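None of these values were measured; they are calculated from a predicted model.
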Amino acid sequence: MFDAVLRRFQVDYILPKAERLGPIGTTKELYDKYLKIAWPATLQGLMLQFMTAIDLAMVGALGAEALASVGIMGQPEMVMLVFVRALSVAITAIIARRKGEGDDAGMNSVLKQAIMMTMLFYIPLLIICFFSIEHILRFTGAEDSYIGTAVDYSQFIVIALIFQSFSQIVGAALIGYGNTKVIFKANVIGNIANTVMNFSLIYGIGFFPKLGVMGAGISTMLSSALIAALLFRVINKRDQTLTLQHEAPWKFNREVVHTVYHVGGSSLGEQFFERFGMYTYTMIVASLGATALAAHYVCMNLMDIFYYFAMGLGFAGASHTGQSLGHKRPDMALAYGRIGSRIGWIVGIVSALIFILLGTYIVQLYTRDVAVVAMSGSMMGIMALAAFPQALQLVYSGVLKGAGDTYYIMKYSLISIAIIRPIVTYTLCITIGWGLAGAWLALLNDQSIRLLCSYARFVKGQWQHKIV
């Protein structure tokens, strides 16, 4: 049985000779190329997630309401990042395709104009959000008992988003180019700085004032600025192909803007529908009270750690898909997609085992609140089941995004996330009365629908013929 499973990981099974359009290399070479991009991209996401986890864990020692103060900003933050997340999908796909075509000027033109678009959009948006943050948090479901500390924390997070949006675009360009190691290094340095500043500012270590929840926000802002500065330094060097020093113009070019709109427009729709669904989802959970909200955010943060493992696979799939299609090798794009799905199964299995065997113990690293720990621990079985569709749908959607097939993703995101998920959540949480367990069953249902949709598209193969 083990030999039969092992054969499915071999290159002759992944891409039979009849499907090949040229040389493909050995099994080891293919996996090495895939993981060369996947691991740094995964670790980049993990570093960002650990930044949030560190905030939650350190703030968790201050109580459930302090934990809710940090957690309630999660969905507004993601909504504010909708534009740059959509744009980054387009940038990864386009730069990967241009690299495959050998078009250096095209790559750098896309990078420069993407940075311009991001700054022109985010600076005024975030100024408005900064002065409206209390209204935004109350709309999300923040309660009077912790709204003050939530505002103190969230104002600094809004400032941090200026730096994070820049880092997101530069990171997307580097992923498309295939250079993910520098992103990982920048995030390691940023997270070390964030941890040190968290200890100092939350608890008042040494000569630093004890700022509590606000200290966590300040730390995140400063570490985000540091990461942005490090990435700027990387793309501002003269001795590399992808660089701001390239002679490609900064001014907007109709062809580049049209290509970005063609790929990124559908991705923006996907991000909008996802955020609408998640925002509604969070509002329903917030109505269950501070303890349920705190437990939900602890579980979500733990789930997101493994989400980023799968997201790294999705980034690798997007990069290899774009480059392979640029090289006129759709067979290689298919092979990398199949490799990603196999690694995705491994991620799902490992995630499920950790949730079941160690989940309750890990929760206690976030908080010692007995009620929060008990409620979080009871979600581990559902989280273990959700780990599989979450990992696999990210792999397949990553391939589709790398090919520029974002309109299809937008359509099933509308149906699954924006329509079905809120209805199922409200029905299970409120109408039937299952509380937080209902919310997590709704999440499982949503991830399963997205897996079925993305897998069906991957198998049919229309994405291999998309023009970017």
Side-chain angles (χ1 to χ4, degrees), residues 47-77 126 129-138 140-164 187-229 286 289-302 304-305 362-373 376:
M47 290 300 103
L48 291 173
Q49 188 59 27
F50 282 143
M51 190 181 296
T52 304
I54 289 167
D55 283 353
L56 287 175
M58 293 186 181
V59 169
L62 305 179
E65 289 188 348
L67 199 56
S69 299
V70 173
I72 197 67
M73 183 57 186
Q75 285 310 312
E77 180 181 357
L126 294 177
C129 291
F130 181 87
F131 290 106
S132 307
I133 194 64
E134 181 175 346
H135 300 292
I136 293 171
L137 294 175
R138 286 190 181 279
T140 306
E143 298 178 352
D144 290 336
S145 60
Y146 59 85
I147 187 65
T149 52
V151 169
D152 291 340
Y153 172 79
S154 300
Q155 284 180 330
F156 290 101
I157 298 303
V158 171
I159 298 172
L161 291 182
I162 296 175
F163 305 113
Q164 290 180 19
N187 279 281
V188 167
I189 295 171
N191 271 272
I192 292 173
N194 184 58
T195 303
V196 173
M197 288 186 288
N198 262 335
F199 269 114
S200 303
L201 295 175
I202 293 175
Y203 304 122
I205 305 298
F207 59 84
F208 291 97
K210 184 178 180 180
L211 299 177
V213 173
M214 184 190 295
I218 295 172
S219 300
T220 300
M221 178 190 69
L222 294 175
S223 56
S224 296
L226 176 59
I227 292 170
T291 299
L293 182 62
H296 174 70
Y297 277 116
V298 169
C299 291
M300 190 63 77
N301 191 266
L302 180 56
D304 282 349
I305 291 174
I362 297 175
V363 166
Q364 294 178 42
L365 298 176
Y366 289 88
T367 180
R368 292 293 180 178
D369 188 292
V370 176
V372 174
V373 171
S376 301

Measuring from atom OG of Ser224 to atom CG of Asn194, what distance do you get when rounded to the nearest 0.5 angstrom? 7.5 Å

I want to check something: taking the side chain as every heavy atom from C-beta on, are Ile227 and Phe163 in contact at a cut-off of under 4.5 Å? no

For Ser376, which of Ile362, Leu302, Val363 qualifies under side chain to side chain contact (heavy atoms under 4.5 Å, CB included)? Val363

I'd like to know if the side chain of Ser219 and the backbone of Met197 have a donor-acceptor N/O pair within less than 3.5 Å. yes

CZ (Phe199) with more than 12 external heavy atoms under 6.0 Å: no

What are the two closest heavy atoms between Leu137 and Ser154, and how far apart are they? CD1-OG, 3.6 Å

Which atom names give the shortest non-hydrogen contact between Thr291 and Ala371, and what distance separates them? CG2-CB, 3.8 Å

Could you give the distance from OH (Tyr203) to CG (Asn198), rounded to the nearest 0.5 Å? 8.0 Å

Measure the spacing between CD1 of Ile218 and OG of Ser200 and express it to the nearest 0.5 Å. 11.5 Å

Are the side chains of Leu293 and Glu143 in contact, using a 4.5 Å heavy-atom criterion? no

Chi angles and distances behind the side chain to side chain contact (heavy atoms under 4.5 Å, CB included) call for Val213, Val70: CA-CA 7 Å; Val213 173; Val70 173; 4.1 Å; yes

Considering only heavy atoms from C-beta outward, does the side chain of Val373 approach that of Arg368 to under 4.5 Å? no

How long is the span from the OG1 atom in Thr220 to the OH atom in Tyr153, to the nearest 0.5 Å? 4.5 Å

For Thr140 and His135, what are the C-alpha separation, side-chain angles and deciding distance, and is it a side chain to side chain contact (heavy atoms under 4.5 Å, CB included)? CA-CA 9 Å; Thr140 306; His135 300 292; over 6 Å; no

In the structure I gave you, are the side-chain heavy atoms of Glu77 and Ile72 within less than 4.5 Å of one another anywhere? no

State, yes or no, whether a side-chain contact exists between Ser223 and Asn191 at a heavy-atom distance under 4.5 Å. no

May I ask you to decide if Tyr146's main-chain N or O and Thr149's side chain share a donor-acceptor pair within less than 3.5 Å? yes

Here the gap from Cys129 atom SG to Ile157 atom CD1, rounded to the nearest 0.5 Å, amounts to 13.5 Å

To the closest 0.5 Å, what do you measure between CD1 (Ile202) and CE (Met214)? 12.0 Å

